[in-house]
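What follows is a short report on a single structure.
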Amino acid sequence: MLSPINMERRNSQHVSTTSSTDRMGHGRTKSLGAINFSNNGLQSPYGGPGSPKPIGSPITGGSEYEWADIQARTFCKWLNKQLESQGLDPMIDLVRDFSNGVKLIQEIMSEESLGRYVKKPTMRVQKCENAAKALNFIRGKNIKLTNIGPEDIVDGNMKLILGMIWTLILRFTIASITEEGLSAKDGLLLWCQRKTTPYNPEVDIQNFKSSFADGLALCALIHRHRPELLDYHSLDKSDRRRNTELAFRVAEERLGIPRLLEVKDLCDVEVPDERSVMTYVAEFFHKFSSEDKAETGARRVEKFAELMQGLWTNKNDFERRMAALLTSLDSTLHSWSLTPQSTTYPEAISHLNRFNEYKKTTKRGYVKERQELAGLYSNIQTKLKTYSLQSWEPASGLRLEDLEKKWQGFLVVETGRSRAINASIRDIKDSLRKSYARAAEEFVLRLQEIEQAIGALQGSLSDQKQTLIKLSSTIPSLRSIFTTTILDLNNSCLEAKVEENDYTVLTYDDLEYELELAESGVKKKLAFVDNQMVSAQHTNITPAKLEEFEATFKHFAYEETNTLGVWEMHSALASLGIVYAEEEIGMIFTELEAKFGAVTFEAWLDLLVDLTKDDASSPEQLREAFRGMAGDKPYVTDLDFQYAQLPKETIRFLFEAMPQEAEPQPLEEGQDKPVAEYQKAFDYHAFLENSFTF
């Protein structure tokens with residue numbers, strides 16, 4: 001004996017005792033699939049004579065059921081897509097196939113089991129039991145079904161069945177759509193509008209009815225995402241049926257989007273059915289949005305990989321160069337140990353000359369490489385902190401402290417080498433040598449302290465900048481000492497023909513070179529930290545863009561001031577594809593100087609952020625635009641609009657919106673194109689004052 005089932009239906013009529021066959025001939029409960037398909041000479045797409053009549057057949061007696069006919073065919077195909085994914089037989093007629101409740105159960109059993117049900121019901125109560133089980137399951141998923149009960153499905157109430165299917169489509173296909181905070185229908189409409197903006201005004205999507213009636217909207221969606229599949233610009237925009245058929249065929253064959261609609265559903269009706277169009281367009285959204293997400297993810301991975309690859313290259317470069325420098329130092333020490341002691345003055349002079357040559361070439365290379373390695377290490381650490389990446393230290397034996405230890409030992413040996421040479425040619429005035437050596441050693445020690453302080457920079461960018469500013473403030477005093485005390489001592493030694501000094505290996509050239517390196521090092525590091533601080537403030541710009549902007553700035557900026565001149569800024573913008581006339585670039589440069597004092601990296605970033613953001617016009621910018629269009633006249637004419645090549649729709653709007661100048665003012669010297677008798681003059685000043693809040 002069958003168990004009792006919940007047969008209750010909200011606001012529905014009681015279960016009729018009239019059979020399903022009897023009800024087929026009464027009003028809205030009649031199955032559309034049972035209507036003769038031969039009306040108007042149309043052939044059923046589901047088979048020839050004798051085949052079951054599909055629910056999508058034309059309706060005799062006008063368009064009373066036109067919306068139901070289109071929805072029934074569209075929804076049936078949508079349901080078949082779900083059945084095919086489960087390997088089940090497709091439906092042909094919604095009323096007939098849903099009447100025993102089996103197909104409805106199969107539709108909702110994709111992941112969960114509803115328990116036992118009658119798979120081949122013959123009795124009405126069995127059919128109602130199946131339908132009730134399916135409806136209860138749907139409601140149990142918090143899906144609101146209004147005014148439908150199991151008897152409506154068994155008896156073939158087409159209107160209620162279509163409403164139920166539409167509820168399922170909304171829940172599982174459309175409700176998940178979001179676009180800029182809008183969801184479901186509004187989100188889908190906004191997505192369509194944004195994707196087809198480049199195709200305006202031919203494609204202007206305002207609804208899911210008439211906006212899709214000519215096939216161009218569908219072709220535009222396909223061309224926007226997959227331009228290789230169809231040539232939108234070669235379409236005959238007046239051939240509605242051909243464009244619609246093309247979109248259907250390409251979507252089905254090349255994109256895997258099932259043909260839920262027929263050409264006649266869009267082109268042969270007064271107004272396309274909104275629900276059917278939404279169901280079909282939602283397939284495009286899910287297809288293309290998944291591709292967009294995959295592409296965005298790929299780009300994000302690519303940019304991160306570029307960043308990591310750059311860091312990996314820098315790390316390897318640091319360790320390779322560090323190993324090469326340490327090896328070179330050992331090689332130099334070994335060569336010194338093999339050099340015999342000088343026995344004659346010419347030999348000592350020869351040794352001295354070779355040693356001086358070493359200091360001017362090899363030694364300076366060592367000094368420069370040592371400083372650059374410290375800078376490279378600092379830059380790597382700064383980048384790791386900027387992008388919140390894991391910390392890193394070089395391999396053991398290849399760290400800065402290893403180099404410092406080796407360097408200090410090297411300097412000791414180098415000093416010993418110098419003393420050994422100078423001992424064989426010692427001449428004149430030890431006091432002068434000592435004075436020069438003392439000043440030189442103190443000077444180079446202060447330079448080394450600056451270098452070491454740069455290499456040991458830690459903490460936040462702000463703390464690093466303060467440290468660098470303090471270091472930079474010591475450079476002028478060192479330059480003063482160099483150009484006074486050290487220069488005087490050096491000139492005294494030259495005058496006394498002192499060619500050697502047992503108390504130091506540092507010549508005047510050495511000190512000048514290291515001073516220049518120290519000055520350059522402080523400036524470069526300060527510029528680097530400043531740029532990083534400015535970059536950190538612009539979180540709306542991608543790391544790749546920041547690096548591109550920073551690299552361009554560093555390439556063209558003056559090294560001494562870390563700023564751009566007017567022509568350097570012009571060249572830098574041109575390298576990014578932004579070109580201005582000479583007059584415009586001069587105005588932009590002047591504005592940046594007034595705002596920032598100079599075209600610093602901060603000013604550069606401010607300019608690029610302004611140039612690359614979405615265009616937004618201020619009242620004054622618009623006033624200047626109207627004035628330029630009018631040739632400096634206090635009014636603008638319809639001929640000015642035409643010369644400016646504004647779109648016809650824009651000109652028509654301005655004619656209607658702008659106040660007309662009844663008696664145009666006479667033109668002053670330098671103003672062009674006065675209004676003719678047959679022309680109209682418009683007051684753009686009043687138009688802007690009425691449009692904006694000042």
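This chain uses plain numbering: 1 for the first residue, then up along the sequence.
Of the possible polar contacts, one joining the Asn130 side chain to the Asn100 backbone as a donor-acceptor pair under 3.5 Å is found. Between the side chain of Lys103 and the backbone N or O of Leu94, no donor-acceptor pair lies under 3.5 Å. The backbone N or O of Gly149 lies less than 3.5 Å from a partner atom in the side chain of Asp152, making a donor-acceptor pair. Remark: side-chain polar atoms of Asn243 are paired, donor with acceptor, to backbone N or O of Asp236 under 3.5 angstrom.
Ion pair Glu84/Lys81 not flagged as a salt bridge, since none of the NZ, NE, NH1 or NH2 atoms sits closer than 4.0 Å to an Asp/Glu carboxylate oxygen. Ionic pairing of Glu649 and Arg652 is present here: one or more N-O contacts between side-chain nitrogen and carboxylate oxygen are shorter than 4.0 angstrom. With salt bridges taken as basic N to acidic carboxylate O contacts below 4.0 Å, none links Asp268 and Arg240. No salt bridge links Glu283 with Arg259; every basic N to acidic carboxylate O contact stays at or beyond 4.0 Å. Taking a cutoff of 4.0 Å between a charged side-chain nitrogen and a carboxylate oxygen, Arg254 and Glu228 do not qualify as a salt bridge.
Remark: Lys237 qualifies as a cation-pi partner of Tyr232 under the 6.0 Å distance and 45° angle criteria applied to the six-membered ring.
Side-chain polar atoms of Thr637 and Asp640 form a donor-acceptor pair below 3.5 angstrom.
Among residues two or more places apart in sequence or in another chain, the ring pair (Phe, Tyr, Trp, His ring centres under 6.0 Å) test is passed with Tyr684 by Phe626.
Evaluation of the ring pair (Phe, Tyr, Trp, His ring centres under 6.0 Å) test over residues 238-272, restricted to residues two or more places apart or in two chains, returns Phe248-Tyr280.
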